[in-house]
Engineer: 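The structure under discussion is supplied below as structure tokens; questions concerning it will follow.
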Amino acid sequence: MADGLTEAVAEARRRYAEANPRSRELAARAARVLPGGNTRSVLHVEPFAFRVVGADGAVLHDADGHDYVDLLGDYSAGLLGRGSTVAGVIRDVLDRGWSYGAMSEPETTFAEAVVARFPSIDQVRFTNSGTEANVMALMTARYATGRDKVVVFDHGYHGGPLYFGDAGAPLRIPFDYVVLPYNDIGAATRAFEQHGAELACVLVEPMQGSGGCIPGDPDFLAHLRALSTAVGAVLIFDEVMTLRLSVGGAQQLLGITPDMTTLGKYLGGGLSFGAFGGRADLMGTFDPARGGLSHAGTFNNNAFTMAVGAVVAADLVGAEALATVNERGDRLRAGLQARFDASPLPFCVTGWGSLLCVHPVASPAEIDEADVRWRDLFFHDVLDAGHYTAPRGMLALSMAVSDDDTGAFLEAVERFCERRAGLAA
Ligand code: PMP
């Protein structure tokens, strides 16, 4: 059946290319000045990525006149969809002016709201991205402990230069890493026995997002807390994606208090954003009045992100809104898994709340062996039916996605299962 699958993928790509002539032209033009016509690798699509010309609510409009229900939600940064409140805040900033090169009030309101949401965060600093936040947190931990070694996890993703899948190796920042298997208490215990006194920090996602939406085992994460405390290493939770799981992120649900936390994605309302924060003794090292560490960044407090972030964190996204979107995600995951279970296709669905990933393998343990052709076919088939997901199978529901939207997606997946059943090995 392997040839049948290859032919089905080729046919799906042909159909896509024919349906997107304008995007194909724009992609060819882009490829002259952007490598592969791309400036964010994860957005690459074979044979070329369609070009968006506009978006509203949960819908993307492309250059060839298609509308897609956006189930990807900008890889989780787009939690708010494209609401009028955020637009209004941006318009206010336009009226007031921007690019001050000075401090202003909204950053304090934003910081107060972040500190109120995360009891583990006494103080916070803003950055432009989650990547930067993680680099700063690692450097802070190395400085504070006077140690070099950094514990990270296989398949972890903390930004392009801090990616621990195989593909991340060439561009990885050369810290002194101890790379451990995720969710493996025994391996972590042994590594701490061996390296304990040299460990500056542990950098861990409570759920591996880019690694396939693999939730952390609560016992494993609690164990990392205990091991870090025992050797004096700084425990850093990368909540860039998981901060949407509750008002206080995954750490609130898990009842685990890290020493530092990194944030990003939705809290900036869809604008460039990142932040790192934590215990006052660690963050206090940045106090300029005390001759502290220098943390630079022209756009750290850019007027747009600060104003929008302040409103998002203080008012717009509370416990109820998050519970609604995360419960919708849980229902969708169960619905998808039920469709796959009823079909001969060996697919499984992982995730937590509103973050999901569809894998073309029978169980999460087999993800590394997934046949990428199935991913491609799934992506193109559901796109053709009007649903935009990540080519790697990820979905991040936004607050604009309705039960009708997820219901229509379930129907599209059911049709995919029926139509492609014959290709199952
Ligand atoms: N950490 C995690 C867990 C992420 O998912 C991401 C982005 N996908 C990052 C860090 C990097 O954030 P950014 O893309 O804003 O640099």
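Bear in mind that the values here come from a model prediction, so they are computed numbers and not experimental data.
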Engineer: Within the structure provided, determine whether Phe304 and Leu94 are in side-chain contact (heavy-atom separation under 4.5 Å).
Structural biologist: yes
Engineer: Strictly under 6.0 Å, is that where the ring centroids of Phe153 and Tyr177 end up?
Structural biologist: no
Engineer: Show me the donor-acceptor pairs, under 3.5 Å and distance only, between side chains in residues 230-248 and residues at least two apart or in other chains.
Structural biologist:
residue : atom : partner : partner atom : Å
Asp238  : OD1  : Val240  : N            : 2.9
Asp238  : OD2  : Asn134  : ND2          : 3.0
Asp238  : OD2  : His158  : ND1          : 2.8
Glu239  : OE1  : Thr242  : OG1          : 2.7
Glu239  : OE1  : Ala250  : N            : 2.7
Glu239  : OE2  : Ala250  : N            : 3.4
Glu239  : OE2  : Gln251  : N            : 2.9
Glu239  : OE2  : Gln251  : NE2          : 3.0
Arg244  : NH1  : Ser354  : OG           : 2.8
Arg244  : NH1  : Leu397  : O            : 2.8
Arg244  : NH2  : Ser76   : O            : 3.0
Ser246  : OG   : Gly248  : N            : 3.3
Ser246  : OG   : Gly249  : N            : 3.2
Ser246  : OG   : Gly249  : O            : 2.8
Ser246  : OG   : Gln252  : OE1          : 3.3

Engineer: Does Phe220 CZ have over 12 foreign heavy atoms under 6.0 Å away?
Structural biologist: yes
Engineer: Assign the ring pair Phe347 / Trp374 to parallel, tilted or perpendicular, where the plane angle (0 to 90°) is split at 30° and 60°.
Structural biologist: perpendicular
Engineer: The test is salt bridge (charged side-chain N to carboxylate O under 4.0 Å, His left out); show your working for Arg82 and Asp70 and say whether it passes.
Structural biologist: CA-CA 11 Å; Arg82 292 97 196 164; Asp70 177 12; 2.9 Å; yes
Engineer: When you compare the side chain of Tyr75 with that of Leu43, does any pair of heavy atoms fall below 4.5 Å?
Structural biologist: yes
Engineer: When you look at His44 and Asn38, which way does the side chain to side chain donor-acceptor pair (under 3.5 Å) test go after all the steps?
Structural biologist: CA-CA 7 Å; His44 180 67; Asn38 174 293; 4.9 Å; no
Engineer: Say whether, by atom type as modelled, one donor and one acceptor occur between the side chain of Asn301 and the main chain of Ala102 under 3.5 angstrom.
Structural biologist: yes
Engineer: Side chains of Lys265 and Asp74: does their closest heavy-atom pair fall under 4.5 Å?
Structural biologist: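 The answer is no; the side chains never approach within 4.5 Å.
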Engineer: List the steps, then state whether side chain to side chain contact (heavy atoms under 4.5 Å, CB included) holds for Arg125 with Met136.
Structural biologist: CA-CA 10 Å; Arg125 278 236 168 184; Met136 290 306 302; over 6 Å; no
Engineer: Mind listing the closest non-hydrogen atom pair of Cys417 and Leu345 along with its distance?
Structural biologist: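 Looking at all heavy atoms of both residues, the closest pair is CA-CD1, 3.8 Å.
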Engineer: Backbone N or O of Gly209 within a donor-acceptor pair of the Glu205 side chain at under 3.5 Å?
Structural biologist: yes
Engineer: Quick one: closest heavy-atom pair of Ile256 and Ala222, and the distance?
Structural biologist: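 Heavy atoms of Ile256 and Ala222 come nearest at CD1-N, 3.4 Å.
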Engineer: Who pairs with Thr109 by side chain to side chain donor-acceptor pair (under 3.5 Å), at least two apart in sequence or on another chain?
Structural biologist: Glu105
Engineer: Should Asp176 and Arg142 count as an ion pair when the cut-off is N to O under 4.0 Å?
Structural biologist: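 So Asp176 does not pair with Arg142 through a salt bridge.
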Engineer: Tell me every residue that passes side chain to side chain donor-acceptor pair (under 3.5 Å) with Asp287, counting only those two or more places apart in sequence or in another chain.
Structural biologist: none
Engineer: Determine the minimum heavy-atom distance between Thr257 and Arg225, stating which atoms define it.
Structural biologist: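 For Thr257 and Arg225, the tightest heavy-atom pair comes out as O-NH1, 2.8 Å.
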Engineer: Under 3.5 Å, which donor-acceptor pairs link side chains of residues 187-202 to any protein atom two or more places apart or in another chain?
Structural biologist:
residue : atom : partner : partner atom : Å
Thr189  : OG1  : Ile185  : O            : 2.7
Thr189  : OG1  : His223  : NE2          : 3.2
Arg190  : NH1  : Gly186  : O            : 3.4

Engineer: Is a side-chain donor or acceptor of Tyr100 paired with a backbone partner of Met103 at a separation under 3.5 angstrom?
Structural biologist: no
Engineer: Is it true that a side-chain atom of Gln208 and a backbone atom of Asp154 form a donor plus acceptor pair closer than 3.5 Å?
Structural biologist: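 Yes: the side chain of Gln208 pairs with the backbone of Asp154.
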Engineer: Run the ring-centre check on Phe110 versus Phe273 and record whether the distance is less than 6.0 Å.
Structural biologist: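 They qualify: ring centres under 6.0 Å apart.
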Engineer: Check step by step if salt bridge (charged side-chain N to carboxylate O under 4.0 Å, His left out) holds for Asp64 and Arg22.
Structural biologist: CA-CA 6 Å; Asp64 287 284; Arg22 181 69 187 135; over 6 Å; no
Engineer: Of the non-hydrogen atoms in Ala370 and Pro360, which two are nearest, and what is the gap between them?
Structural biologist: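 Heavy-atom minimum between the residues: CB-CG, 3.9 Å.
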Engineer: So which atom in Ser23 and which in Arg51 form the shortest heavy-atom distance, rounded to 0.1 Å?
Structural biologist: OG-N, 2.8 Å
Engineer: What's the verdict on side chain to side chain contact (heavy atoms under 4.5 Å, CB included) for Val135 and Ile173, showing C-alpha distance, side-chain angles and the deciding distance?
Structural biologist: CA-CA 9 Å; Val135 171; Ile173 300 175; 3.8 Å; yes
Engineer: Begin from the C-alpha positions of Val413 and Phe340 and carry the test side chain to side chain contact (heavy atoms under 4.5 Å, CB included) through to its verdict.
Structural biologist: CA-CA 8 Å; Val413 170; Phe340 291 129; 3.7 Å; yes
Engineer: Under 6.0 Å between the ring centres of His66 and Tyr16?
Structural biologist: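 Centroid distance His66-Tyr16: not below 6.0 Å, so no.
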Engineer: Passes ring-ring contact (aromatic ring centres under 6.0 Å, His included), Phe276 versus His295? Steps please.
Structural biologist: CA-CA 11 Å; Phe276 64 103; His295 164 229; 5.2 Å; yes
Engineer: Of all residues at least two apart in sequence or in a different chain, which pass the side chain to side chain donor-acceptor pair (under 3.5 Å) check with Arg375?
Structural biologist: none
Engineer: Can you check whether Val311 reaches Val86 side chain to side chain, under 4.5 Å on heavy atoms?
Structural biologist: no
Engineer: Could you walk me through whether Asp330 and Arg333 pass salt bridge (charged side-chain N to carboxylate O under 4.0 Å, His left out), step by step?
Structural biologist: CA-CA 5 Å; Asp330 287 336; Arg333 190 164 35 258; 2.4 Å; yes
Engineer: With salt bridge (charged side-chain N to carboxylate O under 4.0 Å, His left out) as the criterion, how do Asp259 and Arg279 come out once you've worked through the C-alpha distance, each side chain's angles and the decisive distance to 0.1 Å?
Structural biologist: CA-CA 6 Å; Asp259 303 303; Arg279 284 190 348 233; 2.9 Å; yes
Engineer: Would you say His359 and Thr350 make side-chain contact, with heavy atoms under 4.5 Å?
Structural biologist: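 A side-chain contact exists here, since the closest heavy-atom pair is under 4.5 Å.
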Engineer: Can you check side chain to side chain donor-acceptor pair (under 3.5 Å) on Ser104 and Glu107, steps first, answer last?
Structural biologist: CA-CA 6 Å; Ser104 67; Glu107 58 231 54; 3.0 Å; yes
Engineer: Under 4.5 Å between any side-chain heavy atoms of Pro346 and Val361, yes or no?
Structural biologist: no
Engineer: Do Leu72 and Thr389 have side-chain heavy atoms sitting under 4.5 Å apart?
Structural biologist: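 No, their side chains stay 4.5 Å or more apart.
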Engineer: May I have the step-by-step check of side chain to side chain contact (heavy atoms under 4.5 Å, CB included) for Arg147 and Tyr143, ending in yes or no?
Structural biologist: CA-CA 7 Å; Arg147 304 172 182 176; Tyr143 171 78; over 6 Å; no
Engineer: So, using side chain to side chain donor-acceptor pair (under 3.5 Å) as the criterion, who are the partners of Asp184 when residues are at least two apart?
Structural biologist: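 Residues passing side chain to side chain donor-acceptor pair (under 3.5 Å) with Asp184: none at all.
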Engineer: Within the 4.5 Å heavy-atom criterion, are Asn300 and Glu132 side-chain neighbours or not?
Structural biologist: yes
Engineer: Test Leu162 against every option in Val150, Leu138, Val152 by the side chain to side chain contact (heavy atoms under 4.5 Å, CB included) rule and name the one that passes.
Structural biologist: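 Testing each of Val150, Leu138, Val152 against Leu162, the sole residue satisfying side chain to side chain contact (heavy atoms under 4.5 Å, CB included) is Leu138.
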Engineer: Looking at Asn183 and Pro215, what are the two nearest heavy atoms and their distance?
Structural biologist: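 The pair with the smallest heavy-atom distance is ND2-O, 3.2 Å.
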Engineer: May I ask you to check whether Phe164 and Tyr182 place their ring centers less than 6.0 Å from one another?
Structural biologist: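 So the answer is no for these two rings.
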